[in-house]
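I have placed the structure first, in the form of structure tokens, so that the comments after it can refer back to it.
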Amino acid sequence: EHFRAADGETARQAARKMTDGWLHRHGRAGGLPWRPPVVGDRIVAWCMSANLLTENAEMVYRTDLFRSLAAQGRYLRRTAVSEAIPRDRLRAALGVAYVGLCVEGEGGLLKPGMDGVLAAARACLAGDGGPHSRNPSDLLDILRMLVQVREDLKAAGEGAMAGALAPLIERAAPMLRMLRLGGGSLAMFHGGREEAAALVDLILVESGDTRPAPESAPDTGYPRLSAGGIAAVLDAGSPAEGTYARSSHAAPLALSFASGAQRIIVNCGSGVHLGADWEGPCRASAAHSTLTVAERSPCEFQDRVNTRFRRLGRVARIVDSQSQRDESGIWTLAAHDGYAARHGLIHYRRLFLDADGGDLRGEDTLTLAKGGARVLERSRAKRKSPDGPHFAIRFHLHPGAEAETGLRGRATTITLPCGEVWLLRSGGEARMRVEPSVHMRPGLPAPLPALQVVFTGRVLSYATTIDWTLTRMSEASASTRS
């Protein structure tokens, strides 16, 4: 891709040298270079760079290149269906389809390849168009692949096959819009990245779908609150299980919130690129803007601590979810049972965004689950304390946001890089403080420093409620905001 963008004789020679080196080193099947999704990605890259790789090239090199493409396509036809993760099957099936589309004499691979693409894409997407992985970056990648192959099929005169992709693209595009936050990039949930807003824009434009973002995604579990240039997305779904259990985050009822292009409340993000020291902690509930009880996640991780990609075992189940909009604004409510087994508690989170977008009100409630009184008493006895367990509500702030606590720990002023000021206030008995946090950005060798606002307290009764508000106190000037 970089060579295509650079073009010119230097880029052409460098691309051919790299490809020829691969043919000599990895021409035979085996190892990571021959994992089906990796093979699929390579085939698509080579086919899309065909002019760069082959124009005026030596005949021996051209013959080796196309012979290898054909062999890789036939290999994928046998192996693509063996991939457990649907998005990996999609990547592999695309390789089969592109060999059928681009390599002379291999046209028989096009139909089985596209059959595989359709089956894998359907397996990737929930009924509302969101990704089964619940990772917004996965949805971006899936839609990118579907849009690209549709356009290439159209260019090759395969209109019927291109048309078969339309229902999938039409399901996915509005959901991608719904998961945008802060200048058009994506909310970070379940390993997702912010992504470049320009890339998201490009894929949505090329999709051809112009429908607005929905306000709720009942299958994927992401209600959206938006008004007056303000947007919030709540993780109101259970963590994905099965093939996704080693990448899902323990983040039920986590919140992301932005004012225009400025992100305010975020999650820490994915630490996969920084190894086991960060990958596991970033999947824990404390790395997300949600409530934790006794400093534990509401989902249980299996495997040893400091093991990469630990499997989520028991996960928190969503036991209530509803939303409504009227002339005053929009509210949403969700609840999970992740603390029922250990502490006898259900966590409810209710959010309300007023019609102007300048006032977000929240209510976090811990109430007894069915049979929870006995569980809570056993928890107290085990800790040898008459009080209930500690709780913490975290609001991780985007890097660059400054925070200062005042009003005897009842309020925190949040100042954004653009100069906009928001006030976070708490009710009840919870104490508020500002602590260090981190923010993950792929490609950087270390996390970015950030801050978090933390409410702390104890469960003192059979129903503990913590009210809070986030209110815009002053707006940025138009020049600063841009």
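With sequence neighbours excluded, the residues forming a ring pair (Phe, Tyr, Trp, His ring centres under 6.0 Å) with H26 are W22, listed by chain and number. Partners of R246 according to the side chain to side chain donor-acceptor pair (under 3.5 Å) rule, which considers only residues two or more places apart in sequence or in another chain, are D303. Applying the salt bridge (Lys or Arg N to Asp or Glu O under 4.0 Å) test to E158 and every residue at least two apart in sequence or in another chain returns nothing. By the salt bridge (Lys or Arg N to Asp or Glu O under 4.0 Å) test, R91 pairs with D41, D88, sequence neighbours left out. Take E206 and apply the side chain to side chain donor-acceptor pair (under 3.5 Å) test, not counting sequence neighbours, and it matches no residue.
Here the options are V453, N267, L234, I393, the test is side-chain contact (heavy atoms from CB on, under 4.5 Å), and the partner is S289; only N267 passes. Applying side-chain hydrogen bond (donor to acceptor under 3.5 Å, both in side chains) to H190 and the options D235, D138, N135 leaves one that passes, D235.
With respect to the salt-bridge test (charged N to carboxylate O, under 4.0 angstrom), the residues R171 and D128 do not qualify. A salt bridge links D359 to R361: at least one charged side-chain nitrogen sits closer than 4.0 Å to a carboxylate oxygen. Looking at E195 and R144, no side-chain N of the basic residue comes within less than 4.0 Å of a carboxylate O on the acidic one, giving no salt bridge. The pair R350-D320 fails the salt-bridge criterion, with no side-chain N (NZ, NE, NH1 or NH2) lying under 4.0 Å from an Asp/Glu carboxylate O. Checked for salt-bridge contact, E279 and R283 meet the test: a charged N lies under 4.0 Å from a carboxylate O. By the 4.0 Å N-to-carboxylate-O rule, E83 lies too far from R89 to be salt-bridged with it. Salt bridge E170/R211: absent, no basic N to carboxylate O contact under 4.0 Å.
Nearest heavy-atom pair, L176 versus L139, reported as atom, atom and distance to 0.1 Å: N-CD2, 3.6 Å. In this structure, E194 and H439 approach most closely via the heavy-atom pair OE2-NE2, 3.1 Å. Nearest approach of L312 to F301, heavy atoms of both residues: CD2-CE2, 3.5 Å. Closest approach of A173 to L143, counting heavy atoms only: CA-CD2, 3.9 Å. Nearest heavy atoms, L52 versus A15: CD2-CB, 3.8 Å. The two atoms that bring A335 and I346 nearest to each other are CB-CG2, 4.1 Å, heavy atoms only.
No side-chain donor-acceptor contact under 3.5 Å links S68 to the backbone of D64. Under a 3.5 Å cut-off, the side chain of Y98 and the backbone N or O of V103 do not form any donor-acceptor pair. Remark: the backbone N or O of R193 is paired with a side-chain donor or acceptor of S137 at under 3.5 angstrom. D356 places no side-chain N or O within donor-acceptor distance of the main-chain N or O of G358, the cut-off being under 3.5 Å.
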One pair to check against side-chain hydrogen bond (donor to acceptor under 3.5 Å, both in side chains): S207 and D209. What are the steps and the verdict? CA-CA 5 Å; S207 77; D209 188 281; 5.6 Å; no
Would you check, one step at a time, whether the test side-chain hydrogen bond (donor to acceptor under 3.5 Å, both in side chains) holds for E420 with S259? CA-CA 9 Å; E420 193 167 285; S259 172; 2.5 Å; yes
Does the side-chain hydrogen bond (donor to acceptor under 3.5 Å, both in side chains) test come out yes or no for R310 and Q302, once each step is laid out? CA-CA 6 Å; R310 297 172 70 195; Q302 299 175 343; over 6 Å; no
Walk me through whether R394 and T292 qualify under side-chain hydrogen bond (donor to acceptor under 3.5 Å, both in side chains). CA-CA 8 Å; R394 291 177 171 84; T292 58; 3.1 Å; yes
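Shown here is E151, whose CD atom has more than 12 heavy atoms of other residues, nucleotides or ligands within 6.0 Å.
How far CZ of R349 is from CG of D364: 4.0 Å, rounded to the nearest 0.5 Å. Taken to the nearest 0.5 Å, the CG atom of D337 stands 12.5 Å off from the NE2 atom of H347. Considering CD1 of I330 and CG of L353, their distance stands at 8.0 Å, rounded to 0.5 Å. In this structure, the separation between CD on E58 and CZ on R16 is 9.5 Å, given to the nearest 0.5 Å. One finds the OG atom of S256 at 10.0 Å from the CG atom of L179 (value rounded to the nearest 0.5 Å). Taking CG of L181 as the start and CG of L186 as the end, the distance is 9.0 Å to the nearest 0.5 Å.
Cation-pi geometry between R325 and W331 is not met at under 6.0 angstrom from the ring centre and within 45 degrees of the axis. R134 forms a cation-pi arrangement with Y222, by the criterion of a distance under 6.0 Å to the ring centre and an angle within 45° of the ring axis.
The closest side-chain heavy-atom distance from M175 to T220 is below 4.5 Å.
Aromatic ring centres of W46 and F66: separated by at least 6.0 Å. For an aromatic pair to be called close, the ring centres must be under 6.0 Å apart, and H288 with H249 satisfies this.
The salt bridge (charged side-chain N to carboxylate O under 4.0 Å, His left out) analysis of residues 17-26, with sequence neighbours excluded, yields no pairs.
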